[in-house]
Amino acid sequence: MSFMKSLRIALTAFLLLLWLPEFASGLESAESDGYLFCLQDTNRIELFSEVSGIEPVAPEIGLYKGDSLEKIHEFVSAEGIAYVEPNYTVTLFNETNNLEYAEQWNLKMLGAEAAQKQGLDGTGVRIGILDSGLYTEHEDLQGAHIVSGHNYVDNSENTEDTVGHGTFVTGVIAATPNNGIGVAGLASKAEIVPLKCFDAKNSSIAEIAAAIYDAVNIYHCDILNMSFGTTANSQTLKKAISYAAEQGAIMVAAVGNNGSQVKKYPAAYDEVIGVGMINANKEVAAASQRNDSVFVTAPGYGLTGLAIGAVNAYKTGNGTSYACPHIAAIAALLKQRMPDMTEEMLKQLLEENVEDLGESGYDTSYGYGLVYIPELLKSIPVQIMFSQDELVMQGVYREINADVQAGFAGYDSHGKLVDCFQVSTQDIDGSLALNCSAVIPQSVQYVKVFFWDSQSKAPVKESEMLYKE
């Protein structure tokens, strides 16, 4: 290599360090593997198609990985780079042992039965699991709805879990209920997309960022579960998270297992719901992080879940990694009920419908508190909607007690009554819940729902007029 070329490379590296003051501090805070760089001009991506030591991460936005600063500079000058940073290491947040089978206290603590009573199981919602893959042969996943994902470690379609972490996480959400074996998932009918970013405990920002972009662009995931983190506040990771949020994805992440005040990313980003863990006594686990990235807490210590190695393998696990999918599953239940729910709407629901633990109000150990599904469901407004020639009614009337009955009336365009019948109701902690659908005559143009006292038959309430589009 000529002296002038060596000088240019050294000068470029020096300029990059000067431009990015966080670069040097990041090297001290987290391990890394090579460098990530983003081009100023994304039209130059064809330069990297046959370059040794340069790999695409998200080429549509000009994001690449380089083995070294020297390799990067061989093909693009410093002026052509928007930013460069270490490809930081990302770590799964789990601790496990080999005990088998235990009572699913976590489901009882969360009030999961309320969702079951209302027929909420995650149907129609897609969750991307950015993790170590999935052991699809497990006996307790045979009723799960698995979508073929991708392996970002070796750029293949093989998402087999060789670590076990992703399988445990997925089981919290999608394990088949009522099959007489194993455990039950909170949102067993949600579609699961395994996005394999780990083949060991550690991965890197490159794999994670690529999976986030694909999760929303290719797999159209509604929810992303991220049970991992890094101490590095990576520009690449932040940019990917912001992009996914702009596309409407709801993102949930584990806050970390060091039991310290150190922030872990992506949980610490504003667009992400950070989840801490509690034990069966509703006490924050010693290993759960304590900082303002903790938004809510969920069961995460001493959980029974799915293991790999045999179709009937189970184990107990501890970690914010395993608290996190509880919130992802609950988000799926709420998204099923409210398809237009945004992350901000979800945050408000979570904030207002938790059991306040620890210090009064928000605190950095428990966040806003322990999520409780019955209260969440009570807070969702009743929705009465048309779906072609089917009337769908779902939700809970908190202001109406369970001793009230409900009926439907359908009218034609002239206001003539065409059809009417009583609709089924349920008792959800003393409140009236609707979860029913009915085929209506094509001549029906608008409907009302009426409510009356079961004993006196006196009218209690009637809905507004709902017009068929």
Side-chain angles (χ1 to χ4, degrees), residues 92 94-113 115-117 119-149 158-196 198 221 223 225 227 252 254 277 280 298-319 321-333 336 373:
L92 292 172
N94 71 308
E95 304 169 7
T96 60
N97 56 51
N98 294 321
L99 298 176
E100 294 185 2
Y101 294 103
E103 182 181 13
Q104 277 194 278
W105 58 269
N106 52 319
L107 298 187
K108 294 182 179 180
M109 183 178 288
L110 294 171
E113 187 177 347
Q116 298 168 6
K117 286 182 179 180
L120 296 176
D121 52 18
T123 296
V125 182
R126 180 168 287 192
I127 305 175
I129 310 290
L130 285 70
D131 216 289
S132 62
L134 182 60
Y135 178 44
T136 57
E137 300 302 313
H138 199 287
E139 63 179 4
D140 220 359
L141 290 174
Q142 297 315 297
H145 299 255
I146 310 299
V147 178
S148 296
N158 178 14
T159 57
E160 184 72 13
D161 187 2
T162 57
V163 179
H165 190 273
T167 298
F168 195 112
V169 165
T170 301
V172 173
I173 300 171
T176 308
N178 303 316
N179 61 354
I181 56 174
V183 296
L186 267 170
S188 59
K189 294 296 179 65
E191 294 182 343
I192 301 297
V193 185
L195 302 171
K196 183 178 173 70
F198 297 80
C221 295
I223 299 165
N225 186 94
S227 293
V252 185
M277 65 168 162
Y301 191 88
L303 302 180
T304 299
L306 312 189
I308 61 174
V311 296
N312 60 348
Y314 298 86
K315 65 184 179 185
T316 59
N318 309 314
S321 273
Y322 306 142
C324 183
H326 287 86
I327 304 304
I330 289 171
L333 301 178
Q336 178 185 355
I373 294 174

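Here the closest heavy-atom approach between residue Thr136 and residue Gln142 is recorded as O-NE2, 3.0 Å. When all heavy atoms of Ala254 and Cys324 are compared, the pair lying nearest together is N-SG, 3.7 Å. In this structure, Pro194 and Ile146 approach most closely via the heavy-atom pair CD-CG2, 4.1 Å. Contact detail for Lys196 and Asn158: the closest heavy-atom pair is CD-O, 3.8 Å. Residues Ala298 and Ile327 come closest through the heavy atom pair CB-CD1, 4.0 Å. In plain terms, the two heavy atoms of Asp131 and Gly166 that are nearest each other are OD1-N, 3.1 Å.
Separation of atoms CD1 (Ile192) and CD1 (Ile223) is listed at 9.0 Å; rounding is to 0.5 Å. Here the OG1 atom belonging to Thr170 is positioned 8.0 Å from the CG atom belonging to Asn225, to the nearest 0.5 angstrom. Separation of atoms CG (Leu110) and NE2 (His326) is listed at 5.5 Å; rounding is to 0.5 Å.
Looking at heavy atoms from C-beta onward, Ile308 lies out of side-chain contact with Phe168 at the 4.5 angstrom threshold. Taking the side chain as every heavy atom from C-beta outward, Phe198 and Leu92 approach each other to under 4.5 Å. You'll find the side chain of Leu141 reaches within 4.5 Å of the side chain of Leu134, heavy atoms only. At least one side-chain heavy atom of Ile373 sits under 4.5 Å from a side-chain heavy atom of Ile330.
Counted by atom type alone, His165 and Ser321 present one or more donor-acceptor pairs between their side chains at under 3.5 Å. Between Ser188 and Asp121, the side chains place no donor N or O within less than 3.5 Å of an acceptor N or O (distance only, hydrogens not considered).
Panel note: side chain Lys189, backbone His145; no donor-acceptor pair is recorded below 3.5 Å. Under a 3.5 Å cut-off, the side chain of Trp105 and the backbone N or O of Pro299 do not form any donor-acceptor pair. Of the possible donor and acceptor atoms, none in the side chain of Thr159 sits under 3.5 Å from a partner among the backbone N and O of Gly133.
Leu107 is linked by a side-chain contact (heavy atoms from CB on, under 4.5 Å) to Gln104, Ala112, Ala184, Leu186, counting only residues two or more places apart in sequence or in another chain.
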Worked verdict on His138 versus Tyr314 for ring-ring contact (aromatic ring centres under 6.0 Å, His included): CA-CA 10 Å; His138 199 287; Tyr314 298 86; 5.0 Å; yes

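Residue Asp140 forms a side chain to side chain donor-acceptor pair (under 3.5 Å) with just one option from Thr176, Asn179, Thr167, and that option is Asn179.
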